[in-house]
Enquirer: 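What follows is a single structure, and I will ask about it in a moment.
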Amino acid sequence: MTIRFYNTLTSQVEEFQPVEAGTVRMYSCGPTVYDFAHIGNFRSFLFADLIRRFLELTGLDVQHVMNITDVGHMTDDAVADGAGEDKMQVAAQRIKEDKKSGKVPDGAIENPDDPYQVAKYYTDAFLEDARQLGMKVAFEYPDQILHATEQIDVMQAMISRLIDRGHAYVGSDGVVYYSVESFPNYGRLSGNTLDNLQSGAGGRVSDKNQATKKHPADFMLWKADESHIMKWDSPWGKGYPGWHIECSAMALGKFGVDTIDIHTGGEDLIFPHHECEIAQSCGSTGADSFARFWLHARFLLVEGEKMSKSKGNFYTVRDVLEGRVTGRPVHPAVLRYELLKSHYRANMNFTEKGLHDSAGAVKRLQDFRAKCETASGGEVAEVGNSHPVLKEFIDALSDDLNMSGALAAVLPWAHETPSDPAEALGVLSEINTVLAVAPINFDDDTGTASTGGSDDDAAALCRQIDEARAAKDFATSDKLRDQLIEAGYDVQIGRDGTTAERKLA
RNA sequence: GGCGCCGUAGCCAAGCGGCCUAAGGCGACGGAUUGCAAAUCCGUUAUUCCCCGGUUCGAAUCCGGGCGGCGCCUCCA
């Protein structure tokens, strides 16, 4: 079996082999914690989770590291090199308003003016979302998820090294800049070479901001700024690190190697963020390459449009799960499936209908598991990756994560009646180590979200339906049934009585 | 202006030169089941791959042109 991924660095599909046989070092750009993560963020995070789980299924040991950007960068960081509002202060404002309107649970955050509390508030929310959606790295927290604010010393060490090696300098404004001209490969990842950048600048870069830099594309590594809400001592004055340095420093620091295997992120990070990461990392280590494979997930659209706050289609994970998008709670497995089901390099269109489709697929897989468990008495047979269904699943994913192809192997199979239920259960379990929707976690709980309403009430209504039907009072039983459906249940009326199952979405 | 992606049935979507008279899912339709439904099960559902040329014995797949959609180049997953 050959694993192939599309590598942004070379713009082609290449065979994947880890540097060190058997072990994969993978770094993913994680969330900023100034707000709740939205579904677009999670498309990219779950994409990383998919790579990780798939590689593990093939027998590789995967070390997956992610960062949390909790340094309060500026809203206009790059343009004016640290102008604009501080994002932590913007967040503080919002939390205060939410507190007033009762949207923030009591005790969740004492003092919104403390940026560390703001960061913790949103970090906790992110981790909770990530666990609900089955992100493996979130279960390993805090071991594999690094906080930028706890790695300032590592960043400073890298900045010093860059200065020593002639890749960075202190500008006339006292800001430490990376000198892009010192790094000939700048632009290799994104195609934004210095020549291209110049011709494409189009008057967007104001001369005033550029006066202190050697080259307009030079970017900030450290800025001394006493007024910044979060600041640390440094050889270049008390201040804060640039946006790009954290990922370079943390990735190399955590893994302790010069070259990692895979680096992931959203497509928007290709430039400037990842371009700058390469310049910093290679500049400081002298290695030819920082990450051998760069994998980027494309953006998610909502009902055909780019997600944005102004369009009102900006959905957080919570919005979806708690029913604020569809008017009905959505099971986390359904959201996970929805965000995972289409190819990562295609723009996926998040729609209510898509969510509904996903609910059907997840239900099929969950029902199939239940059917197999009943038939096998819970026995799970060991199966090898050569089992036809599993092989087809793995082969499809090996081909640059062809999820549609992988699902095409699983879905039809999952509504057959298996001749060997224990074996089927074994296959499903293996497949589920990647899909993680039936059930959602690798632990054994079903990952059921609190969806409001009580299943006891539903059971009581079922009983009433049975009574009404026994009395041939169909008008009443129909009314009760509609009531249950309205409440979000699938109602099954059969010979053995009535049961109600909560809809997944 | 620079860099890049995409265009397959009502919708989502696979396909990587011959096994394609094109996977899989949703929907729709017909049937079983049901008091009627829902769920479930069985079956049907593109002679055709945006358009026009070209290469080839052979193209949805390669090349050229056109039309259409989208992303990045500025904080952004």
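Every heavy atom of this structure was used, including side-chain atoms; hydrogens, water molecules and symmetry mates were not.
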Enquirer: Of all the choices, G15(B), G35(B), A23(B), which nucleotide is nearest to the side chain of S404(A) once you look at every atom?
Expert: A23(B)
Enquirer: Taking a pair as Watson-Crick or G-U wobble with both distances under 3.5 Å, which nucleotide is matched to U56(B)?
Expert: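 Matched U56(B) with nothing under the 3.5 Å cut-off.
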Enquirer: Fit a plane to each ring of H387(A) and W413(A), take the angle between them on a 0 to 90° scale, and name the class: parallel (under 30°), tilted (30 to 60°) or perpendicular (over 60°).
Expert: perpendicular
Enquirer: For F42(A) and F45(A), what are the C-alpha separation, side-chain angles and deciding distance, and is it a ring pair (Phe, Tyr, Trp, His ring centres under 6.0 Å)?
Expert: CA-CA 5 Å; F42(A) 265 95; F45(A) 300 150; 5.4 Å; yes
Enquirer: On a whole-Å scale, what distance lies between the C1' atoms belonging to C36(B) and U21(B)?
Expert: 42 Å
Enquirer: Can you say whether the rings of Y27(A) and H263(A) are parallel (under 30°), tilted (30 to 60°) or perpendicular (over 60°)?
Expert: tilted
Enquirer: Look at the side-chain N and O atoms of N349(A) and state whether any lies under 4.0 Å from the OP1 or OP2 oxygen of C12(B).
Expert: no
Enquirer: What nucleotide among C72(B), C36(B), A77(B) has an atom nearest to a side-chain atom of N41(A)?
Expert: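 That would be A77(B).
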Enquirer: Using the C1' atoms only, state how far G27(B) lies from C63(B), rounded to an integer number of Å.
Expert: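 Nearest-Å result for C63(B) against G27(B) at atom C1': 38 Å.
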Enquirer: Select one nucleotide: of G15(B), C70(B), C73(B), the one nearest the side-chain heavy atoms of R298(A).
Expert: C70(B)
Enquirer: Find the partner of G4(B): check Watson-Crick (N1-N3 plus N6-O4 or O6-N4) and G-U wobble (N1-O2, O6-N3) distances, both under 3.5 Å, and reply none if neither fits.
Expert: C70(B)
Enquirer: What distance, rounded to whole Å, do you find between the two C1' atoms, one in C3(B) and one in C52(B)?
Expert: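 One C1' to the other, the span is 28 Å.
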Enquirer: For the C1' atoms, the ones on U61(B) and on A14(B), what distance do you get once it is rounded to whole angstrom?
Expert: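 Their C1' atoms lie roughly 13 Å apart.
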Enquirer: Expressed as a whole number of Å, how far does the C1' atom of A60(B) sit from that of C51(B)?
Expert: 14 Å
Enquirer: Go through the side-chain N and O atoms of S358(A) and K341(A) and say whether any donor and acceptor fall under 3.5 Å apart.
Expert: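 Yes, K341(A) and S358(A) have a side-chain donor paired with an acceptor closer than 3.5 Å.
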Enquirer: Heavy-atom distance under 4.5 Å between the side chains of D400(A) and I3(A), does that happen here?
Expert: no
Enquirer: Using atom P in both nucleotides, what's the gap between A39(B) and G66(B) to the nearest angstrom?
Expert: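 Their P atoms lie roughly 49 Å apart.
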Enquirer: Under 4.0 Å between a side-chain N or O of R495(A) and OP1 or OP2 of U34(B)?
Expert: yes
Enquirer: What I want to check is whether an N or O donor and acceptor connect the side chain of R481(A) with the base of A38(B) at under 3.5 Å.
Expert: no
Enquirer: Mind checking the C1' distance from C16(B) to G10(B)? Whole angstroms is fine.
Expert: 28 Å
Enquirer: Using both distances under 3.5 Å as the test, list the Watson-Crick or G-U wobble partner of C49(B), or none.
Expert: none
Enquirer: Could you run down the sub-3.5 Å N/O contacts of the protein with nucleotides 26-29 of chain B?
Expert:
from   : atom 1 : to      : atom 2 : distance (Å)
C26(B) : OP1    : R364(A) : NH2    : 3.4
C26(B) : O2'    : K353(A) : NZ     : 3.2
C26(B) : O2'    : D357(A) : OD1    : 2.4
C26(B) : O2     : K353(A) : NZ     : 3.4

Enquirer: Using side-chain hydrogen bond (donor to acceptor under 3.5 Å, both in side chains) as the criterion, list what pairs up with E392(A), not counting sequence neighbours.
Expert: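 Partners of E392(A) under the side-chain hydrogen bond (donor to acceptor under 3.5 Å, both in side chains) test: none.
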Enquirer: Starting the side chain at C-beta, find the nucleotide from C42(B), G71(B), G24(B) nearest to F299(A).
Expert: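 So the side chain of F299(A) is nearest to G71(B).
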Enquirer: Between C282(A) and N185(A), is any pair of side-chain heavy atoms under 4.5 Å apart?
Expert: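 Counting from C-beta outward, C282(A) and N185(A) never come under 4.5 Å.
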Enquirer: With R324(A) as the cation and Y315(A) as the aromatic partner, state whether NZ or CZ is under 6.0 Å from the six-membered ring centre and within 45° of the axis.
Expert: no
Enquirer: Using both distances under 3.5 Å as the test, list the Watson-Crick or G-U wobble partner of G35(B), or none.
Expert: none
Enquirer: Where the side chain of S342(A) is concerned, which of A13(B), A77(B), G25(B) is the nearest nucleotide?
Expert: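 When the side chain of S342(A) is considered, A13(B) is the closest of A13(B), A77(B), G25(B).
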Enquirer: Any strand is fair game: report the nucleotide pairing with U44(B) by Watson-Crick or G-U wobble, both distances under 3.5 Å, or none.
Expert: A28(B)
Enquirer: Rounding to an integer number of angstrom, what distance separates U44(B) and G7(B) when you compare their P atoms?
Expert: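 Here U44(B) and G7(B) have their P atoms 29 Å from each other.
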Enquirer: Just how far, in rounded Å, is C1' of A39(B) from CG of D367(A)?
Expert: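 Result: 9 Å.
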Enquirer: Counting just side-chain N and O atoms, does H343(A) come under 4.0 Å of either OP1 or OP2 of A13(B)?
Expert: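 The answer is no; no side-chain N or O of H343(A) sits under 4.0 Å from OP1 or OP2.
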